[in-house]
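Beneath this line is the structure, given in structure tokens, with notes to follow.
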Amino acid sequence: MTKSGTTNVRRLVVVLGDQLDYQRYCPNDFNPHQDMFWMAEATEESTHVLSNKHRIVYFLSSMRHFRDYLEVQNLPLIYHELSSHDTDSSLSSILETDINRLKPQEIYLKQPGDYRVRTSLIKVIEKLGVPLTIAEDESFLCSQDQFKDHASNRKVLRLEFFYREIRRRHNILMDNDKPVGGEWNFDKNNRESFGKKGPPSIPENQGTKPDKITQEVIQFVDARFPDHPGKLDNFNWPVTPSDAEAQLDRFIEQCLPLYGRFQDAMWTGQNTLFHSLVAAPLNLRLLDPLKVVRKVETAYYEERAPIAAVEGFIRQVVGWREYVRGIYNLHMPNYRTHNHLKAHISLPSFFWSGKTDMACMSSCLTQVLETGYGHHIQRLMVIGLYSLLVGVRPDEINDWFLASYVDAVDWVTTPNVIGMSQFADGGLMASKPYSATGAYINRMSNYCASCRYNPKESTGPNACPFTSSYWAFLDRHREALSSNQRMSMQLRNLSRMDDQRLKDIRKAADSHLHQL
Ligand code: SF4
């Protein structure tokens with residue numbers, strides 16, 4: 001702990017681990033003679049789900065770099081470093097102790113993104129009767145009130161309308177009132193696979209070499225959380241704004257031109273392909289989303305990247321990211337508990353080991369368990385798809401996603417998993433479940449080539465669990481999905497299947513479940 005023992009504190013300004021906004025951390029009327037910053041590393045943040053070591057190191061190292069930045073500015077700060085003896089601290093318990101000790105006249109809290117953290121902090125502050133100011137998190141392009149306005153007169157929410165609103169409001173990729181390139185969405189150009197030849201030359205992910213602080217955190221996390229997944233030998237995530245900016249620049253220069261074309265493609269042993277790797281620094285606020293977007297937009301105007309790649313990337317940052325936050329804030333706390341399809345299978349244990357004979361799952365799981373990273377199509381169309389098809393409980397797969405990815409924060413993960421990937425909200429976010437057979441994975445990757453299963457087979461000893469579970473999924477939810485226009489073709493195909501075949505498929509899907 002630094003700068004302790006202070007009394008007569010007017011205001012304690014809380015900075016959470018995902019609020020490391022170097023531009024906007026300081027309230028306008030902050031007075032260094034009366035006010036203090038407060039930061040804490042708490043055990044609970046690494047253990048309430050079994051966090052990957054990469055995720056723990058990422059948060060702790062980024063926080064310690066931010067602490068040092070405040071200290072260089074000579075700003076008063078209380079910082080609690082996690083100790084190796086600390087087994088059960090929480091942010092609220094540490095804050096409670098400090099409030100009792102310092103007796104501040106006010107707590108200033110930027111709106112926490114994570115509902116769990118938000119409610120636990122507010123509860124303890126209210127219990128102690130200290131006046132609380134909750135400020136809007138201005139690092140987003142869409143305020144909570146703006147999202148509420150957007151949602152207020154709509155029966156259903158869809159990304160596309162929200163995205164257009166943001167593009168217009170912030171004049172992003174706009175040609176007067178028309179979208180640049182004549183279309184709002186170029187996704188049809190962004191679905192190429194690598195084919196049999198495999199990926200073109202992929203730039204090496206140089207990443208950020210760990211400095212002394214990061215190296216210390218790596219050693220600490222390895223010793224303090226030995227049973228958590230993650231191999232830290234190659235930790236190279238950017239932990240400061242300048243490192244994050246360098247990562248963004250490398251992406252724009254080396255990967256953006258091919259990012260769009262191959263954004264849905266996968267290849268064994270190629271972990272990052274042409275993806276940006278900026279979700280982690282964006283989610284900790286080391287990067288400002290609008291600045292990121294302006295840089296990428298400039299690359300298009302300077303003819304360094306095609307419109308489909310640029311638009312596809314920008315849609316993720318100003319469309320999808322802001323949209324999922326809006327949904328989360330509108331619908332928590334109940335959103336986490338949705339289970340529209342009544343999925344009831346417990347998370348298979350191989351999600352924590354990667355040991356399965358499904359080559360696609362083994363490859364994607366092993367990668368994320370070791371590195372804390374997997375790109376969006378591995379998340380949605382391999383791990384998420386499998387969970388949807390076999391019927392893993394949405395709350396369990398949601399916790400697994402939150403624990404496993406270096407960039408995972410609850411307001412991002414929960415809508416993406418509960419809504420988009422598992423359709424557990426019944427269509428509040430996505431217009432249909434993302435369901436597909438092993439044929440999709442076969443088309444978009446080389447996983448099937450080394451798999452003991454055959455993606456084309458849905459029955460028999462070589463039946464691909466994705467393919468048999470796909471038909472079993474449709475069969476199981478025939479009624480629930482029957483009113484969904486976008487599922488009509490898939491359900492028509494199911495209805496053409498003769499009874500014996502369907503019986504055999506159910507048997508194959510059940511037999512896979514029994515092996516779990
Ligand atoms: Fe995955 Fe099925 Fe392909 Fe095997 S055959 S890699 S289980 S999709």
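For ligands, and for the atoms within them, numbers begin at 1 and follow the listed sequence.
One side chain, Gln500 or Asp504, offers a donor N or O that lies under 3.5 Å from an acceptor on the other. In this structure, a donor-acceptor pair under 3.5 Å is present between the side chains of His65 and Asp211.
Near Tyr453, with a cut-off below 4.0 Å to any heavy atom, the atoms of ligand 1 are 5 (S).
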side-chain contact (heavy atoms from CB on, under 4.5 Å) for Glu160 and Trp184? Distances and angles first, verdict last.
CA-CA 8 Å; Glu160 206 56 36; Trp184 290 100; 4.0 Å; yes
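Side-chain atoms of Arg285 and Phe140, non-hydrogen and from C-beta on, do get closer than 4.5 Å to each other.
From the protein, the heavy atom lying nearest to atom 1 (Fe) of ligand 1 is Cys360 SG, 2.4 Å. Of the protein's non-hydrogen atoms, the one nearest atom 2 (Fe) of ligand 1 is Cys464 SG, 2.4 Å. Atom 3 (Fe) of ligand 1 has as its closest protein heavy atom Cys448 SG, 2.3 Å.
A donor-acceptor contact shorter than 3.5 Å is absent between the side chain of Tyr323 and the backbone of Val318.
Atom 3 (Fe) of ligand 1 lies at 2.8 Å or more from every N, O or S atom belonging to Cys451.
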